[in-house]
Amino acid sequence: MYTQLRETADELAGVLWREHTVYRERGGGVVIRGEHVRRWISLGPTGGKDQALLRAGRLLDGGTTAPARTEVVVDLNAGTAELAAVCRRMLAEVAAVAEIAPAQATRAGRPAGSGKPAKPAKPAKQGRQRRPGRAARAARPGRPRRERHTSLGSLVVLLCVAGVLGAWLYSLFGGGPGY
């Protein structure tokens, strides 16, 4: 199955992109990376004969792959042109989602390349102020910061260890019968 996936991936990569990298992934599938378009396509085994799971996603800053945005099961007996058409449709969907996310992120006050989806704004409640996060509360001037103290259980464990160590040292060097 791997050789069939590899051959199909090589043909698809040649049709889709002039600059590409084809390599094997951990699950036994094949990945086609298009660094210049910042997209990837993966062909993986599905368990069915002559079928593959086709997934598409984008490449993040630094070259890491983002999770797949779209998935579809394809028949490997279909021609390269049909598979390329399916890949182009999936890549267009990935590009559309990638263009929508930065626009939502900038509206929510985040920089465009933050990589996190924007959260919808919550309506403000009447009469309540929003509390700052834990780090902001602790760093406020005029308020001493609470330090952690050793708990009672930890002190008991330390005293027991010290007692056992003292008994052992007493048995070695203490006033018992000489050995």
Side-chain angles (χ1 to χ4, degrees), residues 1-125 130-139 148 151 153-154 157:
M1 182 71 177
Y2 173 72
T3 55
Q4 185 181 11
L5 287 176
R6 178 70 186 210
E7 291 169 359
T8 305
D10 285 332
E11 291 173 8
L12 269 176
V15 170
L16 293 173
W17 299 315
R18 282 178 277 157
E19 300 173 28
H20 60 270
T21 306
V22 179
Y23 62 91
R24 184 176 184 184
E25 64 181 348
R26 278 185 241 139
V30 181
V31 177
I32 308 167
R33 287 175 70 109
E35 296 286 340
H36 62 292
V37 292
R38 301 179 53 86
R39 303 284 180 263
W40 60 267
I41 297 172
S42 169
L43 282 95
T46 61
K49 186 172 177 153
D50 294 331
Q51 288 185 340
L53 177 64
L54 191 65
R55 302 180 319 149
R58 60 189 182 102
L59 296 176
L60 301 174
D61 295 334
T64 58
T65 56
R69 295 283 185 166
T70 59
E71 295 182 347
V72 67
V73 176
V74 294
D75 186 16
L76 293 177
N77 292 330
T80 306
E82 289 86 6
L83 290 175
V86 171
C87 288
R88 285 188 186 107
R89 188 188 80 236
M90 292 175 68
L91 290 169
E93 290 175 14
V94 168
V97 170
E99 289 174 4
I100 291 171
Q104 288 176 346
T106 53
R107 275 187 269 144
R110 284 198 188 102
S114 69
K116 293 183 179 180
K119 293 181 183 177
K122 293 182 182 178
K125 293 184 180 179
R130 202 160 167 225
R131 292 181 58 190
R134 180 177 180 179
R137 285 195 311 261
R148 287 195 181 151
S151 68
S154 297
V157 170

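This is a predicted model, so every value here is computed, not measured. Hydrogens, waters and symmetry mates play no part in the numbers below; they use all other heavy atoms, side chains included.
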(message) Keeping Trp40 on the side-chain end and Arg58 on the backbone end, is there a donor-acceptor pair under 3.5 Å?
(response) yes

Nearest atoms (heavy-atom pairs only) where [X] meets [Y]:
X: Leu16; Y: Cys87; value: CD1-CB, 3.7 Å
X: Leu83; Y: Ala78; value: CD1-O, 4.1 Å
X: Ile32; Y: Ala9; value: CD1-O, 3.5 Å
X: Ala56; Y: Met90; value: N-CE, 3.8 Å
X: Val31; Y: Glu25; value: CG2-OE1, 3.6 Å

(request) Side-chain contact test, heavy atoms from C-beta onward, threshold under 4.5 Å: evaluate it for Arg88 versus Val15 and give yes or no. (result) yes

(request) State, with a plain yes or no, whether a side-chain heavy atom of Val37 is found less than 4.5 Å away from one of Leu91. (result) no

Nearest 0.5 Å please: distance from the [atom1] atom of [X] over to the [atom2] atom of [Y].
X: Gln4; Y: Asn77; atom1: CD; atom2: CG; answer: 7.0 Å
X: Thr46; Y: Glu71; atom1: OG1; atom2: CD; answer: 12.0 Å
X: Glu93; Y: Thr70; atom1: CD; atom2: OG1; answer: 5.5 Å
X: Ile41; Y: Arg33; atom1: CD1; atom2: CZ; answer: 12.5 Å

(request) Please list, chain by chain and in numerical order, all residues satisfying salt bridge (Lys or Arg N to Asp or Glu O under 4.0 Å) with Arg24, sequence neighbours excluded. (result) none

(message) Holding to salt bridge (Lys or Arg N to Asp or Glu O under 4.0 Å), I want the full list of residues that pass it with Asp10, two or more places apart in sequence or in another chain.
(response) Arg6

(request) Identify, with sequence neighbours excluded, every residue that meets side-chain hydrogen bond (donor to acceptor under 3.5 Å, both in side chains) alongside Ser154. (result) Ser151

